[in-house]
Amino acid sequence: MPELPEIEITRRGLEPRLSRRRIAKVVVRNAGLRWQVAANLPRLASGQMIHNVSRRGKYLLIGCGGGTLIMHLGMSGSLRFLNQSVPAQKHDHFELQLDNGEMLRLRDPRRFGSVLWTSSDPLAHPRLRDLGPEPLTRAFNANWLYRHTRSRTAAIKQVLMDSHVVVGIGNIYANEALFHARIHPKRSASRISLARYEKLVEAVRKTLRLAIKAGGSSLRDFADCDGNLGDFQLQYLVYGRGGKPCDACGTRIRQFKQGQRSSFYCPRCQT
DNA sequence: CGCCAGGCCTGCACGC
DNA sequence: TGCGTGCAGGCCTGGC
């Protein structure tokens, strides 16, 4: 489900309600996530005071006094605050019970998500240390993209979705951003000018900001940690619109497979 | 039944 | 030899 906007929406919901709370108990109902949840994680995280909730790419970082809980929502994960008396359902795999009777529960039908614990610098964790810049910071800019694509033959869409180049952009937002930048998803990344990369950087930022503002995209099951749905799917200009007319010129939106993912573009607007 | 779905790691083959 | 790179497969469940 979640790309950067959805994770950021989740983070904003978690921060005020987790900060300065103590983890009373950790419950692992099903350790079989993307990576097996470590057997000692409940012992390490229990009793910890939570200081802050941050985000790195699509990873949520719950910063505690003695370490950091790192969570990834995979394709189908979502987090929800519930009263501890609410019974767990089939795909509820993990929960943090807090010292105020509240509980944060992870639901993830496909189990591509993960829950990790590190007692050292979370940014040095093997899953995080090689990640590219955050797209909403100045470290992500046209020069960076230009430099990193000189020797690459890959298509620009696949480069945008490569978390070593830039984090947080998944299939939906890659499609949408390329439409805004008027760049064909199949265009070789090495054959894009610096000027066009300037446009693309702005398009990525605009797309992500608008999505965050709309509460993210709720296609099937994404909801924030209070169960509220996002609206951004109503603003899609190409994603999921194969065969429908382009908003800008009326040409039919085309769809094709690129690296096993669906790509959508307007053959007239995007070159 | 087959295909599709918001992610991303791993292993392999290739070319420099 | 050792890389960076590109590509396919795999992990899962659910919905159409």
Side-chain angles (χ1 to χ4, degrees), chain A residues 1-11 29-37 55-60 70-79 89-94 106-116 125-132 135 147-178 185-190 204 207-208 211-212 214-224 229-236 238-243 255-264:
Chain A
M1 104 191 15
E3 302 184 33
L4 186 148
E6 291 73 35
I7 304 300
E8 179 58 22
I9 288 296
T10 302
R11 189 200 70 75
R29 296 212 147 74
N30 182 352
L33 302 183
R34 179 68 165 81
W35 291 286
Q36 196 74 12
V37 177
R55 178 185 60 71
R56 179 75 176 97
K58 295 172 191 165
Y59 290 90
L60 284 165
I70 303 174
M71 304 184 87
H72 194 290
L73 301 183
M75 284 282 246
S76 58
S78 58
L79 288 165
Q89 296 186 308
K90 191 175 176 186
H91 302 295
D92 295 340
H93 307 310
F94 180 90
L106 171 69
R107 179 186 147 84
D108 185 1
R110 292 178 72 182
R111 286 191 276 129
F112 289 171
S114 53
V115 183
L116 309 161
H125 189 279
R127 296 275 78 80
L128 307 189
R129 68 184 173 205
D130 297 323
L131 294 177
R147 269 197 297 124
H148 276 257
T149 52
R150 289 314 85 193
S151 63
R152 289 188 73 155
T153 60
I156 183 56
K157 175 157 178 269
Q158 312 206 243
V159 170
L160 269 188
M161 292 175 67
D162 180 348
S163 64
H164 300 290
V165 177
V166 55
V167 295
I169 305 170
N171 200 36
I172 291 176
Y173 298 108
N175 278 298
E176 293 298 307
L178 286 168
K186 232 174 173 170
R187 172 167 287 274
S188 167
S190 62
V204 164
T207 304
L208 296 178
I212 292 170
S217 298
S218 292
L219 287 187
R220 288 162 199 72
D221 45 12
F222 175 76
D224 71 14
L229 301 178
D231 270 347
F232 192 70
Q233 67 281 3
L234 304 175
Q235 297 180 51
Y236 291 167
V238 286
Y239 182 82
R241 298 195 64 240
Q255 176 176 2
F256 69 105
K257 281 277 179 210
Q258 199 173 12
Q260 300 154 299
R261 313 300 295 276
S262 285
S263 290
F264 302 87

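All values below were derived from every heavy atom in this structure, side-chain atoms included, with hydrogens, water molecules and symmetry-related copies excluded. Keep in mind it's a predicted model, so treat the numbers as computed, not measured.
Take the nearest nucleotide of DNA chain C for A/V159 and for A/G32: the residue whose nucleotide is more 5' is A/V159. Comparing A/G259 and A/K90 by the nucleotide of DNA chain C whose heavy atom lies nearest to each, the residue mapping closer to the 5' end is A/G259.
A side-chain N or O of A/S217 and one of A/Y236 form a donor-acceptor pair less than 3.5 Å apart.
Distance A/K257 NZ to B/dC3 P: 11 Å, rounded to the nearest Å. Taking atom CG of A/L208 as the reference point, atom C1' of B/dG6 lies 13 Å away to the nearest angstrom. Nucleotide B/dA5 holds its P atom 11 Å from the CG atom of A/N175, rounded to whole Å.
Residues A/T10 and A/R55 have side chains not in contact (no heavy-atom distance under 4.5 Å, counting atoms from C-beta outward). Side-chain contact check for A/Q235 versus A/Q233: every heavy-atom pair is 4.5 Å or farther apart. Proximity of A/R127 to A/H72: side-chain heavy atoms (C-beta onward) are nowhere separated by under 4.5 Å. Side-chain contact between A/F256 and A/K186: present, with at least one pair of heavy atoms (C-beta onward) separated by less than 4.5 Å.
On the nucleic acid side, DNA chain C contacts chain A at distances under 4.0 Å to non-hydrogen atoms, with the end points of that region at C/dT5 to C/dG14.
The nucleotide B/dC16 finds its pairing partner in C/dG2, both defining distances of the Watson-Crick or G-U wobble pair being shorter than 3.5 Å.
Taking 4.0 angstrom as the limit, A/R261 places a side-chain polar atom (N or O) nearer than this to OP1 or OP2 of B/dG6.
Taking CG from A/N171 and CD from A/E176, the interatomic distance works out to 10.5 Å, rounded to the nearest 0.5 Å. A distance of 9.0 Å separates CG in A/L33 from CZ in A/F94, rounded to the nearest 0.5 Å. Separation of atoms CD (A/Q158) and CD1 (A/I156) is listed at 10.0 Å; rounding is to 0.5 Å.
Aromatic ring orientation, A/Y173 versus A/F232: tilted (interplanar angle from 30° to 60°).
At the heavy-atom level, A/R220 lies under 4.0 Å from base atoms of the strands shown. Residue contacts for A/Y239: at a heavy-atom cut-off of 4.0 Å it reaches the sugar-phosphate backbone alone, with no base atom in range.
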For nucleotides 9-16 of chain B, 5' to 3', base contacts (B), sugar-phosphate-only contacts (S) and non-contacts (-) with protein non-hydrogen atoms under 4.0 Å give BS------
